[in-house]
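Sequence lines set the chain letters: A, B, ... in the order given, protein chains first and strands last, and positions in each chain run from 1. As the structure is a computational prediction, the values presented were derived from the model and not from experiment.
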Amino acid sequence: MSQLNIRMGRKAGVFLGLVAMLFSLLFAGAPAHAADDPSTYPYSIAGTILNDDKEVPDVKITATLDDFTTSVVTNEWGEWEIRVPKQGIYKVELDVTTLPAGVTMTDKGGEVSEADLTQTDFAAVLFSLGKSTVQAQSFSDQLLVRVWSGLNFGLLLAIAAIGISLIFGTTGLNNFAHGEMVTLGALFMWVFYQGLGQNIIVSALGAVAVVAAFGWAQDAGLWKPLRKRRMGLNQMMIVSIGFSIVARYVLLLVFGGDTKDIGGGGNIVQLGPIYTSDIALVSLVICVIILAGVALFLTRTRIGKATRAVSDNPSLAAATGIDVERIVRIVWIVASALTGLAGVLYGLQFQANWLTGFDILLLLFAAVTLGGLGTALGATVGALIIGMVVEVSSMFIPNELKYAAALVVLIVILIVRPQGVLGKKQRIG
Amino acid sequence: MSQTPVVYAENLVAGYLPGINILNDCSLVANQGELIGIIGPNGAGKSTLLKSIFGQVNVRAGKVWLNGEDITNLKANKLVSKGVAFVPQTNNVFPSLTIEENLQMGVFQTPKRFDERFEFVTNIFPDLGKRRAQKAGSLSGGERQMVAMGRALMIDPSVLLLDEPSAGLSPVRQDEAFLRVKEVNKAGVTVIMVEQNARRCLQICDRAYVLDQGKDAHTGTGRELLNDPKMVELYLGNLAEL
Amino acid sequence: MANQISVGEPAPGCKKVDPILVASNVTRQFGGLTAVNVEHLEIPRGQITALIGPNGAGKTTMFNLLTGFDKPNTGEWDFDGHKLAGVASYKVARLGMIRTFQLTKALSLLTVLDNMRLGDQKNPGEGFLASFLRPSWKRHEAKITAKADELLKRFKLDAKREDYAAALSGGQRKLLEMARALMSDPKLVMLDEPMAGVNPALTQSLLEHIKGLKESGTTVLFVEHDMHMVRHISDWVIVMAEGKVVAEGPPAEVMKNPAVIDAYLGAHANSDLGDVTIGDAKEGN
Amino acid sequence: MDWLNILNLTGGELIGAYTAAYVLCALGLAMHFGFTGLLNFGQAAFAALGAYGYAIATLSFGWNMWGSVAFGLLCSAAFAVVLGIPTLRLRADYLAIVTIAAAQALRFAFATSAYDEVTGGANGLSQFGEDFYNYNPIPEGRYPLGALEFSEKELWIRIVGWSLVAIAALVMLLLTRSPWGRVLKGIREDEDAARALGKNVFAYKIQSLVIGGSIASLGGMVFVMSSQTNQPQTWGTNFTFMIWTILLLGGAATILGPVVGGMTFFALLMFTQSIMEGLVTMGWLPFLDIAQVGQIRFLLVGLVLMLLVIFRPQGIFGNKKELQFNG
């Protein structure tokens, strides 16, 4: 929901940007807040209540888990924070009777929300007040906005999906730890850009380099030795699941569970009925350039052609004099760099936390499988389809189900055409 | 023989499954510029002999020499850089690459030589030059065979190993394939080919080895063997006498 | 020369006195290549028929088509009164046409005895609900175990009864696969290269087993490269080349057939490639 | 450090209700993967369908315990059939991707507010166990068991949970030792060989998917019954991967493996967590806080999964020869 607002309307965008900034402040100033609060509970839930960009004080918020209940009211800046004693999923409710006259929830039932503290010690809860910005738009305008979002999201997915696809094509590995490379890219972007205050381009390059190095290390330290042992592909797939869990929780331990705001939302740009940000526009251009670059790499360069040759037939490639292991290593580095870049761009537009990559992993698999396993073009087409399905479907079904819609599309297409949209039949086995 | 043979396979023992040898004490000599045929009934170990020369089957005993150098069980990319080229029987092109890209893969280790070698190869196979942008996956079996052979020739090999170049081709295409092989050989490349079509093979080759149950049972010039009545017996067993 | 198997003179696709399998117009293409193109083929009942031909002749593809493991582009065939085209492979097996594979498919992590028991097709315990009611299948299980033991003894695998099939040698796996195929008393056994990889010491006993099958009334169709074996045991030989049936007949006669010699040693023996150039080959042939 | 308390907590995990729930799911997965060779990465969905099926039948339809159990089983069986028909003909890794995708899609569907009235949306459902606890014959009170102490409800759910484990294990034992189980193993080894022997491979795979899924859905019911809360986020991919770890720890193609694997897994997890918490409290691990110790728990799950597959794919009890990953 929150990811959507930023791309949907100016008000919502600014609203979210403010909230996000506030969170990072909250976090930085956590000890001070803790001192104000007599409670020393280790976990906290917080948020800010805004109506039409204006803070709303004195709204009562209640958090409940089993028999534990506590309430606070918002301060003059509309902020609230509740500290709680144990982990769990808290029900958080806004008392509508305490809202000022004339102020209502945007959605019916929007006064009840939840805070998931099972994995982290901090959770943000947003309540959306005032008129919805969506309803004013006509159907065709809405569709246009969605298609735009779908294109943007699909291109981002494509860059990461090509990474999966290249690795699958050359080694046969279904890498479940791929999502963590997206996360790594986004979080290192945050480190360089927000943490170390580097310029945006230097930060992006730095983050991509970190992920590329991670890809190199992964292949050298884990996957190559396993290939040497001639481990079965399904077995390797399960190893990648384990690796993904380890990587994810290391990221959680290092970066914490909060959502990082990396780009601050960017400046609003209007294209007809579409409100978007300059970051989204630049990101879109970068994605197109990178996709073209990958296409050129694969079709024009010696290494790129050798990559396709290895995907076609590794043993023939070896018999032709190509050092297959070297190509695979290069593929790991290139694929990781691409995936890291996807993470950087994703993080700039939508913020990121330790679960960012994991959340979109299945969409990436869906994209790759949909397009036909192992072809870069297929992965791109698949990713654009998935991006579109995700965004356009939310016009017709509840927003929380948009990822589910993409997965259902995947299942349906596999039933009709198991080799994928562009795949070759012999790959099914 | 005073001259060092290009390839000398000495008493090879090799097989795929542990404990089962396909080759039993099998030897082969190929001199500079020769066209050598390996023929024999199914299951005699023809392809295995070729693959053990190219290091694709583990050689359990015996040695393979290339111009006097021991190349037994060497890795494929090492062999390629030493000038040994191998064309497998099936799956011998990269289907998603164009003809030109397939040929480029042939000179992967020495990309600078592409233009020079491309000219050499398209002299023998003019069609490859004309259709360089076509995807190899869209070609017919005979055309693929040309691409595969062309790719192998790109490295300027001192010896070319061919595994059944006529397999799966129509009779006309088979004849064409044999003549191409002969032409490649005339251009100065030592060729060792395994063939199912014994008669055709014997017609074009200088010398042939007839394998039976993993051993080199007979050897002789192509013409001698072609007219040898024992050949029919070897292929069809003693069946005809029954 | 007269024979009791074919109606009239043996010729490719000739009618048989008592066919168990009749196939017509079976074709299978892979990409542009026609792997199988059989106009008509009849397999004689109660006989041992060898299917031979050079590599790539389409023998194994034909096997796969007939047994439902591959789908033909065109064609119909009739097995013992049942139309079989398009019938799932397991149903083909249930009708009494059991095949083996070129690369043995011994079920490695099952014991030899379990491999054998799996060959039975009438075990009520293979039903889900019945599997809970041990009494409902206990007697049948004992019966098929006895039968399995008998077969294992015949195939000299009785000492390996409790071993995992993975522990057997290549030749023993071939034997196990054949023995397993016999568990269901098939009408037609189709053996794909039964001798490949078999230790010569076992060859003789394998031949005896196949002959024994015929004596017990089973029809045998096998693909084989070993001509000694073909000569020893087959009653009828069908020769395929380039997807077509090029010759048929009793073994002694078929081997004299020039078409067969051509198929094996290469076609166009009357022209000589040593004397032609590429242009000639293209136009001349 | 309070060693007695640590050992108590660890011992408690050995017989915990959650442990029993996971063991049931792992037994189901043993049926799928260990005995049939199916790569099911959506076991959480089967458990979730059991849990939601039960809760919805009780709360929305007002059914009693038996009806609700039946409905939960029916839901997961239906899911198995719907998922199995298109995918069981495809290569093994396609099944993996489809099952994990289906499980996630299902979870999103449970969590959405659109069907709030039935599923409870993101909050899930609670207080559906009255009928189940009505069957509790144990009078109210505190019952010591060794160093541990349980309420009558805690004792009841443990008794039922572990009885179900025993029954499921027995059923699996009967099944896998029967000719039916032999066919499954045959399919695991080589589908084509099984077909050539006249076995309807597809039908057997569907049966295996349904049986394993049903056992997992019982696990799902046990899981939510101990706290009487059923939340959608429980059934994420982590749930599935935890089950995989348990299965591979014990041995995939065994019956005892998932049981002992589950007990070992949770006891070890609790043991390491308690020790680490102890160390943190004592200030020996200055870079960690208590909340992070819980996170390291999951990290260990991933690590154990990786190391098992690499170094001991047969698990604790498995016969190395008996487990192979196809592919």
Side-chain angles (χ1 to χ4, degrees), chain C residues 63-64 67-69 88-101 103-111 113-134 136-138 140-141 144-145 163-167 177 180-181 183-184 186 190 192, chain D residues 31 33-37 77 80 89 167-168 170-212 214 251-254 313-314 318-326:
Chain C
F63 253 47
N64 288 342
T67 49
F69 279 86
S89 52
Y90 78 92
K91 286 184 185 156
V92 172
R94 300 223 137 206
L95 288 170
M97 184 162 145
I98 303 274
R99 69 168 299 182
T100 66
F101 293 86
L103 299 167
T104 40
K105 290 188 186 292
L107 304 165
S108 317
L109 301 182
L110 262 62
T111 63
L113 187 61
D114 273 346
N115 261 279
M116 292 297 289
R117 286 162 167 166
L118 204 58
D120 179 64
Q121 292 183 349
K122 298 194 183 74
N123 196 335
E126 288 183 4
F128 171 67
L129 289 176
S131 66
F132 289 103
L133 302 168
R134 198 179 178 83
S136 73
W137 47 267
K138 207 176 149 194
H140 187 89
E141 186 83 353
I144 62 167
T145 305
D163 291 3
Y164 279 128
E177 209 186 354
R180 194 176 64 194
M183 281 296 290
S184 60
M190 304 187 46
D192 197 350
Chain D
M31 178 63 97
F33 176 68
F35 292 105
T36 325
R89 297 172 205 273
I167 294 167
L170 187 70
V171 167
M172 294 259 300
L173 198 70
L174 287 174
L175 279 173
T176 54
R177 299 249 168 116
S178 76
W180 184 83
R182 195 161 62 213
V183 178
L184 283 197
K185 290 183 205 168
I187 290 168
R188 179 190 69 192
E189 296 303 307
D190 194 314
E191 285 182 26
D192 278 345
R195 282 195 191 97
L197 295 173
K199 314 300 175 203
N200 185 348
V201 169
F202 182 69
Y204 279 98
K205 280 183 170 180
I206 286 272
Q207 286 173 13
S208 164
L209 205 59
V210 170
I211 303 305
S214 300
T254 62
Q314 75 273 32
N319 176 342
K320 182 149 195 176
K321 287 183 185 150
E322 167 106 40
L323 179 85
Q324 68 162 23
F325 289 82
N326 303 306

Between C:D114 and chain D, with a heavy-atom cut-off of 4.5 Å, which part of the residue counts as in contact: side chain, backbone, both or neither?
both
Rounded to the nearest 0.5 Å, how far does CD1 of D:I211 lie from CZ of C:F128?
3.0 Å
Roughly how far apart are D:D192 CG and C:R99 CZ, rounded to 0.5 Å?
8.0 Å
Would you check, one step at a time, whether the test side-chain contact (heavy atoms from CB on, under 4.5 Å) holds for C:L107 with D:K185?
CA-CA 8 Å; C:L107 304 165; D:K185 290 183 205 168; over 6 Å; no
Which bit of D:Y204 is near chain C, if near means a heavy-atom gap under 4.5 Å: side chain, backbone, both or neither?
side chain
Quick one: CZ on D:R182 to CD on C:E126, what's the gap to the nearest 0.5 Å?
6.5 Å
Honestly, the part of C:I144 sitting under 4.5 Å from a heavy atom of chain D is side chain
Could you walk me through whether C:Y90 and D:V201 pass the side-chain contact (heavy atoms from CB on, under 4.5 Å) check?
CA-CA 8 Å; C:Y90 78 92; D:V201 169; over 6 Å; no
Between chain C and each of D:D190, D:N200, D:L174, D:V183, count heavy-atom pairs under 4.5 Å; write down the option with the most.
D:N200
Report yes if the side chains of C:R117 and D:P179 come closer than 4.5 Å at any heavy-atom pair, otherwise no.
no
C:E141 portion near chain D, given a 4.5 angstrom heavy-atom threshold:
side chain
Is it the side chain or the backbone of C:S89 that comes within 4.5 Å of chain D heavy atoms, both, or neither?
both
